[in-house]
Q: 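Can you read through this structure? Questions will come right after.
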Number of protein chains: 2
Amino acid sequence: MTVDAETALAHAPPGHKDELRLWLRLLTCTTLIEGEIRTRLRRDYDTTLPRFDLMAALDRDPGGITLGEVSRRMMVSNGNVTGLATRLEAEGLVERRARPGDRRAQLLRLTPKGRREFARQSAAHEGWIADLLAGLGEADRAALFRLLGTAKASVRAALSPEDP
Amino acid sequence: MTVDAETALAHAPPGHKDELRLWLRLLTCTTLIEGEIRTRLRRDYDTTLPRFDLMAALDRDPGGITLGEVSRRMMVSNGNVTGLATRLEAEGLVERRARPGDRRAQLLRLTPKGRREFARQSAAHEGWIADLLAGLGEADRAALFRLLGTAKASVRAALSPEDP
DNA sequence: CGCGGATTCTTGAAGCTTAAAGTAATCGGC
DNA sequence: GCCGATTACTTTAAGCTTCAAGAATCCGCG
């Protein structure tokens, strides 16, 4: 355990295979769940995941939030939200209204119809997720939640610019 | 701690909020990483994640695999692969050829140019992932990998039909 | 005031994605 | 041999997504 071992390690191929495997497994889990949720939303409610996500982003703020805030919460582009909001508005599920004192911004909020629809959908959605993750015990769930928090912090740290 | 407590529990709202929170955190992690990989692939290699994924699916089989097998590995629809393969073929990165003895199927494989390109891209990709997950120690990574395996098994079990 | 930069949102082009329907070839049983 | 079921792929329509460019508005500073 002297210079030789250290040298061997230092010269070993980068070997980030572990991280890669972890990422691929993370991606697989997400893809599996997301695909199933997509299918069920279409089958049972004739809607899509992005529509559901947008309504979820609005649900906690009865007064409405700006399109930009929706974009931030959903982690998608501005233009994306514009299109989604337009389609949902056409279906009477959300409505735009001016933000007092700022003619650039618009507030988006659920209509009563949208609120009813989302209540039904989100109850089913919560049950689906619980079913899919039913194989994890309480302890596993807690541990996984914590570790994913660490992972999230790691990614955010790697992404944030180095200026405090 | 008698009938009353039990009754209270039984009548409590379903309360699958924990599973939901776990799912949302899982989704956030994946979205963050995926978005960054997308951005870097575009910035550094002028390509997209689906293109990269398709090439990755081909990389381990020099003889080529069928479009259907690609579709299974990528967990996307058949039609999706058709379009991706057509675009990559037009760029000279992959090539179609007949599968001997089955005129329905086609084998898809990387061209030498595609192989060179993918080698460059995948090396960078591996480094990016390692960077993003650098905040996780060896033990955390292992634990997370194992728990995600359990989660994956849970989802697959919930999805598979009940006939052995 | 008025101008320059930042913000908020929309538009347009290109590509990705799916579900569903369609075409072609193979396989299995009789 | 042949017919029905299955498999492999493509096509189509609709919607999602991003990036980049553009338009309107707001804010701060001189």
Side-chain angles (χ1 to χ4, degrees), chain A residues 27 30-32 34-55 57 64-91 93-108, chain B residues 30-32 34-55 57 64-91 93-94 96-108:
Chain A
L27 185 55
T30 301
T31 302
L32 279 175
E34 202 170 304
E36 185 62 18
I37 297 302
R38 248 176 238 283
T39 298
R40 295 188 188 185
L41 279 174
R42 177 180 305 269
R43 184 194 62 195
D44 294 351
Y45 298 100
D46 192 29
T47 189
T48 66
L49 190 50
R51 280 165 151 91
F52 176 82
D53 287 343
L54 192 154
M55 292 203 286
I65 56 179
T66 65
L67 296 199
E69 177 58 21
V70 172
S71 160
R72 244 164 274 129
R73 292 191 189 180
M74 293 179 69
M75 296 195 283
V76 299
S77 67
N78 273 353
N80 195 342
V81 174
T82 295
L84 279 171
T86 300
R87 283 186 289 272
L88 284 174
E89 193 177 23
E91 297 174 17
L93 296 169
V94 308
E95 59 189 1
R96 287 173 157 101
R97 62 197 185 95
R99 178 163 75 173
D102 189 344
R103 268 176 301 176
R104 294 169 306 176
Q106 305 181 49
L107 294 176
L108 201 64
Chain B
T30 301
T31 303
L32 279 175
E34 200 171 305
E36 185 62 17
I37 297 302
R38 251 177 236 282
T39 299
R40 295 188 189 185
L41 278 175
R42 176 180 305 270
R43 184 193 61 195
D44 294 351
Y45 298 101
D46 191 29
T47 189
T48 67
L49 191 48
R51 280 165 151 89
F52 176 81
D53 286 345
L54 193 155
M55 293 204 284
I65 56 180
T66 64
L67 296 200
E69 176 60 21
V70 173
S71 161
R72 245 163 274 128
R73 293 190 189 179
M74 292 179 71
M75 296 196 282
V76 301
S77 67
N78 274 352
N80 194 342
V81 174
T82 294
L84 280 171
T86 301
R87 283 186 289 272
L88 285 175
E89 194 177 23
E91 296 174 17
L93 297 168
V94 308
R96 286 174 158 101
R97 63 197 184 96
R99 178 163 77 173
D102 189 342
R103 269 176 300 177
R104 294 169 306 177
Q106 306 181 48
L107 294 175
L108 201 65

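Proteins get letters first, then strands, A, B, ... in listed order; numbering begins at 1 in each. Quick note: numbers below take in every heavy atom, side chains included, and nothing from hydrogens, waters or symmetry partners. Owing to the predicted nature of the structure, the values given are computational and were not obtained by experimental measurement.
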Q: Between atom CZ in A:F52 and atom C1' in D:dC16, what is the gap in whole Å?
A: 17 Å

Q: Taking side chain to side chain contact (heavy atoms under 4.5 Å, CB included) as the test, write out the residues that go with A:T39, two or more places apart.
A: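 With sequence neighbours excluded, A:T39 shows a side chain to side chain contact (heavy atoms under 4.5 Å, CB included) to no residue whatsoever.
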
Q: Rounded to the nearest Å, what distance is computed from the CD atom of residue A:E91 to the P atom of nucleotide D:dA14?
A: 14 Å

Q: Answer whether the closest heavy-atom distance between the side chains of A:T66 and A:L107 falls below 4.5 Å.
A: yes

Q: What's the CZ-P distance between A:R99 and C:dT7, to the nearest Å?
A: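 One finds 13 Å between P of C:dT7 and CZ of A:R99, rounded.
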
Q: For B:R72, which residues count as a salt bridge (charged side-chain N to carboxylate O under 4.0 Å, His left out) partner, sequence neighbours excluded?
A: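 Scan of B:R72 (salt bridge (charged side-chain N to carboxylate O under 4.0 Å, His left out), adjacent residues dropped) gives B:E69.
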
Q: Would you tell me if any nitrogen or oxygen in the side chain of B:R103 comes within less than 4.0 Å of OP1 or OP2 on C:dA24?
A: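 No, because none of the side-chain N or O atoms of B:R103 sits under 4.0 Å from OP1 or OP2 of C:dA24.
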
Q: Considering residues at least two apart in sequence or located in another chain, which fulfil the side chain to side chain donor-acceptor pair (under 3.5 Å) criterion with A:R40?
A: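 A:E36.
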
Q: Distance check needed: D:dC19 P versus B:L41 CG, whole Å only.
A: 12 Å

Q: Closest approach to the side chain of B:D102, judged atom by atom: which nucleotide of C:dA25, D:dC9, C:dT18 is it?
A: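 That would be C:dA25.
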
Q: Does any pair with a residue in residues 43-53 of chain B pass side chain to side chain donor-acceptor pair (under 3.5 Å), and if so which ones, sequence neighbours excluded?
A: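 Counting only pairs at least two positions apart or across chains, the side chain to side chain donor-acceptor pair (under 3.5 Å) contacts touching residues 43-53 of chain B are B:R51-B:E91.
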
Q: Output a table of nitrogen or oxygen pairs between the protein and nucleotides 11-15 of chain C separated by less than 3.5 Å.
A:
none

Q: Only counting residues at least two apart or in another chain, list the ones meeting salt bridge (charged side-chain N to carboxylate O under 4.0 Å, His left out) with B:R38.
A: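 Result, salt bridge (charged side-chain N to carboxylate O under 4.0 Å, His left out) vs B:R38: B:E34.
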
Q: Where the side chain of A:S77 is concerned, which of C:dT10, D:dT18, D:dT17 is the nearest nucleotide?
A: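 For A:S77, the side-chain atoms sit closest to D:dT18.
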
Q: How close or far is atom C1' of D:dA24 from atom CD of A:Q106, stated in whole angstroms?
A: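 Spelled out: CD on A:Q106 to C1' on D:dA24 is 12 Å.
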
Q: Take A:G35 and A:G68, find for each the nucleotide of DNA chain C with the closest heavy atom, and name the residue whose nucleotide sits nearer the 5' end.
A: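 Looking at the nearest nucleotide for each, A:G68 comes out on the 5' side.
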
Q: Whole angstrom is fine here: how far is it from CE in B:M75 over to C1' in C:dC16?
A: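 Rounding to the nearest Å, CE of B:M75 and C1' of C:dC16 are 17 Å apart.
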
Q: If you look at every strand shown and take non-hydrogen atoms under 4.0 Å, does A:R38 touch a base, only sugar-phosphate, or nothing?
A: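 It contacts nothing in the nucleic acid.
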
Q: Side-chain donor-acceptor contacts of residues 77-85 of chain B below 3.5 Å, not counting sequence neighbours, with atom names and distances?
A:
unit_1: B:S77; atom_1: OG; unit_2: B:N80; atom_2: N; d: 3.3
unit_1: B:N78; atom_1: OD1; unit_2: B:S71; atom_2: OG; d: 3.2
unit_1: B:T82; atom_1: OG1; unit_2: B:N78; atom_2: O; d: 3.4

Q: Distances under 3.5 Å only, N/O to N/O: pair up the protein atoms with those of nucleotides 3-6 of chain D.
A:
none

Q: Looking at B:R96, does any N or O in its side chain come under 4.0 Å of the phosphate oxygens OP1/OP2 on D:dT10?
A: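 For D:dT10, OP1/OP2 do have a side-chain N/O of B:R96 under 4.0 Å.
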
Q: For DNA chain D, just give me the dot-bracket, please: Watson-Crick or G-U, both distances below 3.5 Å, ( ) intra-strand, [ ] crossing earlier pairs, | paired with another strand, . unpaired.
A: ||||||||||||||||||||||||||||||

Q: Side chain to side chain donor-acceptor pair (under 3.5 Å) with B:T30: which residues, sequence neighbours excluded?
A: A:T30

Q: Can you name the salt bridge (charged side-chain N to carboxylate O under 4.0 Å, His left out) partners of B:R96, sequence neighbours left out?
A: B:E89

Q: So, taking the atom named CG in A:L88 and the one named CG in A:L108, what distance separates them when rounded to the nearest 0.5 Å?
A: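 It is 8.0 Å, given to the nearest 0.5 Å.
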
Q: For B:R99, enumerate each residue passing the salt bridge (charged side-chain N to carboxylate O under 4.0 Å, His left out) test, keeping only those at least two apart in sequence or located in another chain.
A: B:D102

Q: Can you tell me the distance, in whole Å, between the CD atom of A:E34 and the C1' atom of D:dT17?
A: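 Going from A:E34 (CD) to D:dT17 (C1'), I get 13 Å.
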
Q: Categorize B:V76 for me: base, sugar-phosphate, or nothing, with a 4.0 angstrom heavy-atom threshold over every strand shown.
A: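 Answer is sugar-phosphate: B:V76 comes under 4.0 Å of backbone atoms only.
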
Q: Within the 4.0 Å heavy-atom criterion, would you say B:R43 contacts the bases, only the backbone, or no part of the nucleic acid?
A: nothing

Q: Between A:L108 (CG) and C:dC9 (P), how many Å, whole number?
A: 9 Å

Q: Please report the closest heavy-atom contact between A:A57 and A:M74, naming both atoms and the distance.
A: CB-CG, 4.4 Å

